[in-house]
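Before any comments, here is the structure.
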Amino acid sequence: MLDPQLFRSDLNEVKIQLDRRSYDFDTAAYEALESKRKAVQIKTQDLQNERNKSSKSIGQAKAKGENIQPLLDQVQHLGNQLKEAETELSQIQQKMTELMEAIPNFLDEVVPAGKDEDDNVEISRWGDLPEFSFEAKDHVDLGESKGLNFEVAAKIASARFAVLQGPLARLQRAIIQLMMDTHTLEHGYSETYVPFLVNADSLYGTGQLPKFESDLFKANNDPALYLIPTAEVPVTNIVRDVIVDAKEMPLKFVCHTPCFRSEAGAYGRDVRGMIRQHQFEKVELVQIVSEKKSVKAHEELTNHAENILKKLNLPYRKVLLCAGDTGFSSSKTYDLEVWLPGQGKYREISSCSHFKDFQARRMQARWRNPETGKPELVHTVNGSGLAAGRTLIAVMENYQDEQGRVHIPEVLKPYMGGIEIIE
RNA sequence: GGAGAGUUGGCCGAGCGGCUGAAGGCGCUCCCCUGCUAAGGGAGUAUGGGCUUUAUCUCCCAUCGAGGGUUCGAAUCCCUCACUCUCCGCCA
């Protein structure tokens with residue numbers, strides 16, 4: 001949610017900012033609603049004030065034993081008028097909220113213009129692409145004989161699920177362990193375990209609801225619970241409706257969870273393999289920081305994710321998403337894309353976003369700034385560190401040999417119980 | 001699943017339908033006193049919104065788990081829901 005004050009004080013700037021997003025904001029409609037809101041709110045509060053004063057004087061008269069009937073008659077007319085005004089006001093406010101919560105975050109000034117992923121800007125590359133003397137296989141072919149099975153998963157559940165067994169299943173667990181250990185021991189994140197089902201308020205807080213309900217799996221509960229699409233949702237909502245003590249800032253959480261996405265808008269994309277699944281494992285990094293430190297925190301968090309790729313010696317590139325590719329709640333997003341020899345392409349393995357106060361305003365997540373003594377909205381920053389399923393794919397494809405075996409990267413060996421090669 | 005108790009400010013805790021945005025205590029901040037420490041005295045200490053505004057103060061509205069209702073007036077009465085705790089049952 002954007003700051004409503006800004007809409008009142010500088011609508012022009014709002015329009016300019018939203019144009020960058022190609023978000024068609026109807027300023028005339030907004031202004032009409034806003035002026036109505038102002039008039040009705042003032043009227044309502046005046047009536048409330050009148051009622052409060054009269055009621056108080058009735059109380060005082062009664063205490064003195066005076067006849068209160070004339071006073072009661074005086075207040076008679078107020079009731080209906082007030083009720084009407086209050087109803088109208090709450091309707092207007094609801095409309096206003098609906099309008100505001102559908103508006104995406106402003107883009108950071110450094111975000112390049114552009115329509116889709118083709119317009120993203122490459123920031124850097126790291127690592128040497130592996131050179132094979134044979135034709136590189138993709139993870140589906142490599143996994144076929146090693147316990148990666150899509151048919152069984154389809155039987156058990158449906159398409160877009162995978163079953164992993166044996167050393168390959170262990171490899172994914174090893175990858176997760178490496179990430180958790182690195183982020184807790186070397187990067188200073190606090191290990192966090194959370195519910196995998198969340199309520200609508202939490203999804204609203206991070207921006208998935210109300211706009212993107214179709215991307216979610218909804219459990220048949222009352223009130224509704226949803227499977228988390230990312231640990232970002234439960235973890236960030238830890239600070240919903242909280243005023244964080246300055247001493248505790250910044251908060252840094254790392255959390256491994258499965259993620260569930262219905263991928264409703266992605267039919268036909270990445271149908272082969274486990275690139276795009278309804279369920280996948282991910283390690284998520286979340287930081288709750290003050291406004292002043294958030295830009296730096298975003299850079300650092302992205303580096304923390306990059307460190308995992310470096311440890312695994314996986315070639316990757318860092319990309320700054322363009323206007324059209326930056327998510328609804330984000331003001332600026334870096335994607336990390338890992339090299340997949342099987343596809344001959346870089347593919348997203350992490351997405352690190354800076355939300356500024358957009359999520360915090362929805363969540364009423366604040367901290368007390370010692371300089372002012374006042375509660376101020378926090379800034380939220382998060383990123384995958386990394387998507388474990390895709391990391392597994394990347395390890396398989398980058399560490400394959402001519403016999404179709406997968407070699408275990410050096411850093412993962414301590415977690416593999418003596419396995420060095422998956423045959 | 002069954003039975004009971006509860007939800008008030010940063011925390012603890014009071015609160016006959018009107019003078020309670022809320023006693024008292026703790027904590028915190030500032031001041032005084034005391035040659036350190038301790039003890040003592042005084043003042044302050046919720047959040048959101050509106051109006052206005054360069055900005056602030058005053059002012060106005062809302063908020064005592066959430067939502068409805070009764071009433072001129074609700075923290076206080078009624079209804080629904082959520083959550084927490086205790087005991088029993090079940091359970092990894």
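As a basis for the values below, the full set of heavy atoms in this structure was taken, side chains included, without hydrogen atoms, waters or symmetry mates. Every value quoted in this text rests on a predicted model; they were computed, and no experiment measured them. Chain letters run A, B, ... following the sequence lines, proteins first and then strands; every chain starts at 1.
In this structure, A:Gln5 reaches the sugar-phosphate backbone alone: every heavy-atom distance under 4.0 Å involves primed, P, OP1 or OP2 atoms, never a base.
Spacing of P atoms, B:C26 relative to B:G41, comes out at 10 Å, to the nearest Å. Of the P atoms belonging to B:G65 and B:G15, the separation is 15 Å, rounded to the nearest Å. With C1' as the reference atom, B:C60 and B:G25 are 33 Å apart, rounded to whole Å. On the C1' atoms, B:C61 is 25 Å away from B:U54, given to the nearest whole Å. Here, B:C33 and B:G21 have their C1' atoms 34 Å apart, quoted to the whole Å. Taking the C1' atom of each, B:A5 and B:C90 are spaced 23 Å apart, rounded to whole Å. B:G24 sits 7 Å from B:A14 when the C1' atoms are compared, rounded to a whole Å. When the C1' atom is used for both B:G18 and B:G73, the distance is 7 Å, rounded to whole Å.
With both pairing distances under 3.5 Å, B:A23 is matched to nothing as a Watson-Crick or G-U wobble pair. Base pairing analysis places B:A82 opposite B:U7; the two distances defining the Watson-Crick or G-U wobble pair are each below 3.5 Å. In a base pair of the Watson-Crick type (N1 to N3 plus N6-O4 or O6-N4) or a G-U wobble (N1-O2 and O6-N3), with each distance short of 3.5 Å, B:C90 is matched with no nucleotide. Nucleotide B:A46 forms a pair with B:U63, judged by Watson-Crick or G-U wobble geometry with both contacts under 3.5 Å. Nucleotide B:A39 forms no Watson-Crick or G-U wobble pair with any nucleotide shown, as no partner meets the under 3.5 Å limit on both distances. Taking a pair to require two hydrogen-bonding distances under 3.5 Å in either a Watson-Crick or a G-U wobble arrangement, B:U58 remains unpaired. When both distances must be under 3.5 Å, the Watson-Crick or G-U wobble mate of B:C72 is B:G18. Using N1 to N3 plus N6-O4 or O6-N4 for Watson-Crick, or N1-O2 and O6-N3 for G-U wobble, each under 3.5 Å, B:U53 pairs with nothing.
For the pair A:Arg51 and B:A62, the criterion of a side-chain N or O lying under 4.0 Å from OP1 or OP2 is met. In terms of phosphate contacts, A:Asn49 brings a side-chain nitrogen or oxygen within less than 4.0 Å of OP1 or OP2 of B:C61. One finds no side-chain N or O of A:Arg361 lying less than 4.0 angstrom from the OP1 or OP2 phosphate oxygen of B:G48. Put simply, A:Lys38 has a side-chain N or O that comes within less than 4.0 Å of OP1 or OP2 on B:U52. One finds a side-chain N or O of A:Arg366 lying less than 4.0 angstrom from the OP1 or OP2 phosphate oxygen of B:G48. Within the 4.0 Å cut-off from OP1 or OP2 of B:C61, at least one side-chain nitrogen or oxygen of A:Asn52 is found.
The backbone N or O of A:Thr230 sits nowhere less than 3.5 Å from a side-chain atom of A:Thr257 that would complete a donor-acceptor pair.
For the pair A:Lys318 and A:Tyr334, the cation-pi criterion (under 6.0 Å, within 45° of the ring axis) is fulfilled.
The CD atom of A:Gln364 sits 18 Å away from the P atom of B:A46 (whole-angstrom rounding). Atom CE of A:Met96 and atom C1' of B:G49 are 13 Å apart (whole Å). In this structure, A:Asn199 places its CG atom 16 Å from P of B:A66, rounding to the nearest Å. B:U63 atom C1' lies 14 Å from atom CD of A:Glu86, rounded to whole Å. Summarising the geometry, the separation between CD on A:Gln94 and P on B:G67 is reported as 14 Å, rounded to the nearest angstrom. Straight-line distance from the CG atom of A:Leu82 to the P atom of B:C72: 13 Å, rounded to whole Å.
The shortest non-hydrogen separation linking A:Met274 to A:Leu148 is SD-CD1, 3.7 Å.
Between A:Asp181 and A:Tyr415, the side chains place a donor N or O and an acceptor N or O closer than 3.5 Å (distance only, hydrogens not considered).
Residue-to-nucleotide proximity on RNA chain B shows that, of A:Ile58 and A:Gln48, the 5′-proximal contact is made by A:Gln48. Mapped onto RNA chain B by nearest heavy atom, A:Pro375 and A:Thr44 fall at different nucleotides, with A:Pro375 at the one closer to the 5' end.
In terms of polar N and O atoms assigned as donor or acceptor, the side chain of A:Lys62 comes within less than 3.5 Å of the base of B:G18 in a complementary pairing.
A:Phe212 and A:Phe328 have their aromatic ring centers within a separation under 6.0 angstrom. Aromatic ring centres of A:Phe260 and A:Phe280: separated by at least 6.0 Å.
For A:Ser55, counting side-chain heavy atoms from C-beta on, the closest listed nucleotide (B:G48, B:C61, B:G18) is B:G18.
Using bins of under 30°, 30° to 60° and over 60° for the plane-to-plane angle, the ring pair A:Phe25/A:Tyr30 lands in the tilted bin.
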